[in-house]
Protein chains: 2
Amino acid sequence: MSRAEQKERTRRAIINAAFSQLSADKSFASLSLREVAREAGIAPTSFYRHFADMDELGLTLVDEAGLMLRQLMRQARQRIEKNGSVIRTSIETFMEFVTGNSNVFRLLLRERSGTSAAFRGAVAREIQHFVAELAEYLRKETICPDELARAQAEAMVILVFHAGADALDAPPEQYSYLTSRTITQLRWLTHGAAGSGRKPKG
Amino acid sequence: MSRAEQKERTRRAIINAAFSQLSADKSFASLSLREVAREAGIAPTSFYRHFADMDELGLTLVDEAGLMLRQLMRQARQRIEKNGSVIRTSIETFMEFVTGNSNVFRLLLRERSGTSAAFRGAVAREIQHFVAELAEYLRKETICPDELARAQAEAMVILVFHAGADALDAPPEQYSYLTSRTITQLRWLTHGAAGSGRKPKG
DNA sequence: AGAATGAGCGAACAGTTGTAAGCTAAAGTG
DNA sequence: CACTTTAGCTTACAACTGTTCGCTCATTCT
């Protein structure tokens, strides 16, 4: 096996070890370098061959989580073309992601208000991707100033994220309630915004 | 000084020490018993005379934070009577609290999605007080099913909380923008909800 | 007065942590 | 082939952590 190949392999082992140790009871901040190294199957000091410190690993995790989120968006758009209902499909796709990759979502959720400014910034950037795409969509579908489209998109993303957070602590039989509640909230937003100076296009 | 009096005094010293160590870079989880004891001016072992462990202290902090929040609500209501504008006054009062007691707000913000289920539950309960009061208000002012009033109140509280979180990382000159953005979002919600089967009362 | 209580202390323990230094051995290079 | 590079290892250290134990001594109770 080539050297670079092997290096990449243990780098992934470290990343996977970190992800797998995240849980409802364990945040990234409470991971230790040694524990991660142990699970990755390397000596503690070998960790430094791949990351300068735990922060660098953390930022990598946030990046990867953001990537997954964006792939999710693409998947949602495909579903929308077949399905029709934009809001419902988007939320359902998102809820599936949250419940299926809860550790990944938890990372974003926690580091959004965590103790590292760098982490908070990284998460905020990932979320802004969401907001920007949604705002773009709103601008296409309606006639309204950029500023308002953005404020609307932000509100929507916040509400959806929060529904995801609720789902983490809720029993599965409540998922459909959380979904429909969020749909209602988002419809209120769109209707309210449409009534305040915005017009449906065409 | 009486015994009970003195005990209460050092108990407060511990609580205050814990609050004062919370900051943008230090979450409750990263506080150590020894550090807190040091700042409170007692030996590490004396801590146990007042709390069984750090978790018990943490729950106390959350309780106190919730108390401050409810006092804030009362203060807001007084202002509303003089001022008139419900939404604007509420949000402005809240933003003042957030910027003036940022460590307290940060505690709630972080433990809401933290690693301890007990903490998450405690914070959720405090926030539900907010939601319940607001939902009650909405029911009085409008005719709508309890269920919808609650969903609307929840959405509003989420958006206001999020604005507070944004303020923590924003320079002060952006506070007024954050406030007005949130006002817009809340007005959309009320208008949208009013349009969907709800009617203004009287 | 005398006994009981209990807040606070110092010393000590076992466990963990991050990280530095220096070695080995395999892969890459000329 | 000899030479360099480097991922990974072992050992080691100093700094912390939470917690147990047994003591003191001022307050409180009888």
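Sequence lines set the chain letters: A, B, ... in the order given, protein chains first and strands last, and positions in each chain run from 1. Atoms considered below: every heavy atom in the structure, side chains included; atoms not considered: hydrogens, waters and symmetry mates.
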**Request:** Produce a footprint string for nucleotides 18-30 of chain C: one letter per nucleotide, 5' end first; B if the base is under 4.0 Å from any protein heavy atom, S if only the sugar-phosphate is, - if neither.
**Result:** BBBB----BBS--
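Using a cutoff of 4.0 Å between basic side-chain nitrogens and carboxylate oxygens, Glu92(B) and Arg79(B) are not scored as salt-bridged. With salt bridges taken as basic N to acidic carboxylate O contacts below 4.0 Å, none links Glu136(A) and Lys140(A). Using a cutoff of 4.0 Å between basic side-chain nitrogens and carboxylate oxygens, Glu126(A) and Arg112(A) are not scored as salt-bridged. One finds a salt bridge joining Arg77(B) and Glu133(B) here, because a Lys/Arg side-chain nitrogen approaches an Asp/Glu carboxylate oxygen to under 4.0 Å.
At whole-Å resolution of the value, CZ in Arg11(B) and P in dG8(C) are 12 Å apart. Taking atom CZ of residue Phe51(B) and atom P of nucleotide dA7(C), one finds them 13 Å apart after rounding to whole Å.
Using modelled atom types, one finds a donor on one side chain and an acceptor on the other under 3.5 Å when comparing Glu39(A) with Ser20(A). Counting only N and O atoms by type, the side chains of Gln128(A) and Arg150(A) include a donor and acceptor under 3.5 Å apart.
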**Asked** Between Arg110(A) and Glu111(B), is a salt bridge (charged side-chain N to carboxylate O under 4.0 Å, His left out) present by the stated rule, with each step listed?
**Response** CA-CA 9 Å; Arg110(A) 284 174 175 158; Glu111(B) 297 310 327; over 6 Å; no
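Once you apply a 4.0 Å limit to the heavy atoms of chain B, the touched nucleotides of DNA chain D run 5' to 3' over dT17(D) to dT28(D).
Checking side-chain atoms of Thr190(B) against main-chain N and O of Arg187(B) turns up a donor-acceptor pair under 3.5 Å.
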